Amino acid sequence: MKAVTHELPQVVRNLVAGSWHDSSTLDRRSPVTGHVVSQAAQATTAHAKDALDFAAMSASEVAGLSPAARADILESASLLVEESQREIARLLALELGKPVRDGRGEALRAAETLALSAAEARTIGGEVLPSAGWERGVGTTAMTFRSPVGVVVAITPFNAPVNLLAHKLAASFAAGNTTIVKPPPQAPASSVRFVELLIEAGLPTTAVQVLHGGPDLGEVLTGSPVVAAISFTGSASAGHAVARNAAGKRLILELGGNAATIVCEDADLAEAAALCARTGFSNSGQSCISVQRIFVPRPMMDDFAGRLAAAVSELRTGDPLEETTDIGSMVDESAAERVLRWAKDAERDGAELATGGTRNGATLEPLVVVDPARDATIVREEVFGAAVVVLPYDDFDEVIRECNRSSYGLQAGLFTHDSRRIFKAWRELQVGAVVVGGTSNFRLDNVPFGGVKDSGIGRESPRWMIDDYTYVKTLLWKNESVWGVTR
Ligand code: NAD
């Protein structure tokens, strides 16, 4: 069963109730060449209704698969995705302008996410509770297990459409659920290829359906009473709309950020600058934890900014299909234009553009913006593009307050060896995680990931997702006890 044809443009369809369905298509143009690279059949209202009905019907069948069987399928899928890394990377380069080296990295992370989910599937369990520890419970036994929630909706953004789908779909299946996937309109073929590989590995089509569309389709799915849990990754505004629509359902929101990285006096400036250059611009900065605001002690700021600008200017911007390219394009021309405009606005108000800023369509030479006003848009809002800002600070307490002034709180980076500062930052920064010895842009797929404030709710990584995708179900046995009954 194939939804992708292998000549360009790739044509992808909706997977509903076990078969692929055509309908009128939406073109995805390469942000680099402008050519149509994929065409996705847009789900109709009837497709959505059929998919929801089928999911409701299939949930108990999927829950009936043994955890071992689910784990075996996910392990096979992990191997297939690893073997298909080049094909996936090519699709990501065509649809998104992501450099193939980064695309292969994403595919390998997705393979690992599948393997991690398999391992979690094997260990889902429950507990025997100490029900007889209190007088009214003497003579009873109480046990729990984690029961699948049933129907899950997974909505993914464009920037890492394969690994983020891996997190949602694999953990949902590991937990024993059926999932309706709504991929981003910018990466339909990459997303569908990933789903196809899972099906090739044995994922039953009772456990997955795919519907292509935009916010309207998303609203139909997230509002449906059939759906028990929604895992959404995307912008804060869309996430808040999902939350309003979801009323009463399990909700995991992974939203935006404008992550801070703090460099302290004792840091190795060369190392910090090199890491900020590399992780501030991977995927053209289109990562929710991309380095955006770099805080540097005032006396060291010029030195740091010079080193950073030098390292950034060595990054190779170009064709995402070339092995040697570090920076491909952004998702579209208007995104690149927006980032450049924000940088120019900051420059007009006194900031220095230390490097970058040439734009060719959707491709933006990476920008380093030094000492913009604290209320500049490029500091306050989520940049989600090829620009970082360098900001001076005078005092560690002050910089913690400054980081927390953001409406977002996803991750922060910290370069210091001072354990008091490390613990203070861990305690006081309003973020989901602090990375010590690195920038904000570092994620391990087996470590809880997620934010606070406008960055979302919930923690994504297989172990924590399985908690969200299952509920605790209790058996209360009144007349038999594993515990002693003598009073
Ligand atoms: P987006 O919000 O525009 O779209 C994300 C997905 O939501 C798409 O599939 C879109 O079609 C769908 N959608 C939009 N409105 C909807 C609605 N009302 N109801 C249901 N679905 C709706 O985001 P994007 O531009 O694709 O991605 C970039 C954003 O995602 C950034 O803000 C980035 O920080 C965030 N992001 C967060 C994480 C994280 O883990 N926290 C990871 C990656 C990206």
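Just so it is clear, the structure is predicted and the values come from calculations on it, not from any experiment. Residues: numbered from 1 along the sequence shown. Counting starts at 1 for both ligands and their atoms, following the listed order.
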Query raised in the report: Pick one: which of Glu196, Gln39, Arg193, His212 meets side chain to side chain contact (heavy atoms under 4.5 Å, CB included) with Val12?
Result: His212
Query - Passing option when Phe54 is tested against Ile180, Thr206, Val151 for side chain to side chain contact (heavy atoms under 4.5 Å, CB included) - result: Thr206
Just checking [X]: does its [atom1] atom have more than 12 heavy atoms from other residues, nucleotides or ligands closer to it than 6.0 angstrom?
{"X": "Arg359", "atom1": "CZ", "value": "yes"}
{"X": "Lys49", "atom1": "NZ", "value": "no"}
{"X": "Arg90", "atom1": "CZ", "value": "no"}

Please answer whether the main-chain N or O of [Y] pairs with a side-chain N or O of [X] as donor and acceptor at a distance below 3.5 Å.
{"X": "Asn159", "Y": "Gln286", "value": "yes"}
{"X": "Thr325", "Y": "Ile327", "value": "no"}
{"X": "Thr439", "Y": "Leu275", "value": "no"}
{"X": "Asp27", "Y": "Arg29", "value": "no"}
{"X": "Thr44", "Y": "His47", "value": "yes"}
{"X": "Asp454", "Y": "Ala236", "value": "no"}

Protein contact of [atom] - nearest heavy atom, named by residue and atom, plus distance:
{"atom": "atom 19 (N) of ligand 1", "value": "Val242 CG2, 3.5 Å"}
{"atom": "atom 9 (O) of ligand 1", "value": "Thr156 O, 2.8 Å"}
{"atom": "atom 43 (C) of ligand 1", "value": "Asn159 OD1, 3.2 Å"}
{"atom": "atom 4 (O) of ligand 1", "value": "Gly234 CA, 4.6 Å"}
{"atom": "atom 20 (C) of ligand 1", "value": "Gly218 CA, 3.4 Å"}
{"atom": "atom 11 (O) of ligand 1", "value": "Lys182 NZ, 2.9 Å"}
{"atom": "atom 18 (N) of ligand 1", "value": "Glu219 OE2, 3.7 Å"}
{"atom": "atom 3 (O) of ligand 1", "value": "Ser235 OG, 4.1 Å"}

Under a 4.0 Å heavy-atom limit, does [X] contact ligand 1 with its side chain, its backbone, both, or neither?
{"X": "Leu410", "result": "side chain"}
{"X": "Leu221", "result": "neither"}
{"X": "Glu382", "result": "side chain"}
{"X": "Ser237", "result": "neither"}
{"X": "Asn245", "result": "neither"}

Query raised in the report: Could a heavy atom of Gly451 be found less than 4.0 Å from some atom of ligand 1?
Result: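 False for this residue.
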Query - Numbered atoms of ligand 1 (with element) below 4.0 Å of Leu164, judged on heavy atoms - result: 42 (C), 43 (C)
**Report entry** Pro185 neighbourhood, listing ligand 1 atoms whose heavy-atom distance to it stays under 4.0 Å
**Finding:** 11 (O)
Query raised in the report: Hey, mind stepping through Phe158 and Phe384 against ring pair (Phe, Tyr, Trp, His ring centres under 6.0 Å) and telling me if it holds?
Result: CA-CA 12 Å; Phe158 75 79; Phe384 213 65; 5.7 Å; yes
Report task. Might you check, step by step, whether the distance between atom 40 (O) of ligand 1 and some protein heavy atom is under 4.0 Å? Result -> yes
Pick, from [options], the option with the minimum heavy-atom distance to [atom].
{"atom": "atom 7 (O) of ligand 1", "options": "Tyr408, Phe158, Phe232", "value": "Phe232"}
{"atom": "atom 27 (O) of ligand 1", "options": "Ala238, Pro157, Pro161, Ala246", "value": "Pro157"}
{"atom": "atom 21 (N) of ligand 1", "options": "Asn283, Ile155, Ile289", "value": "Ile155"}

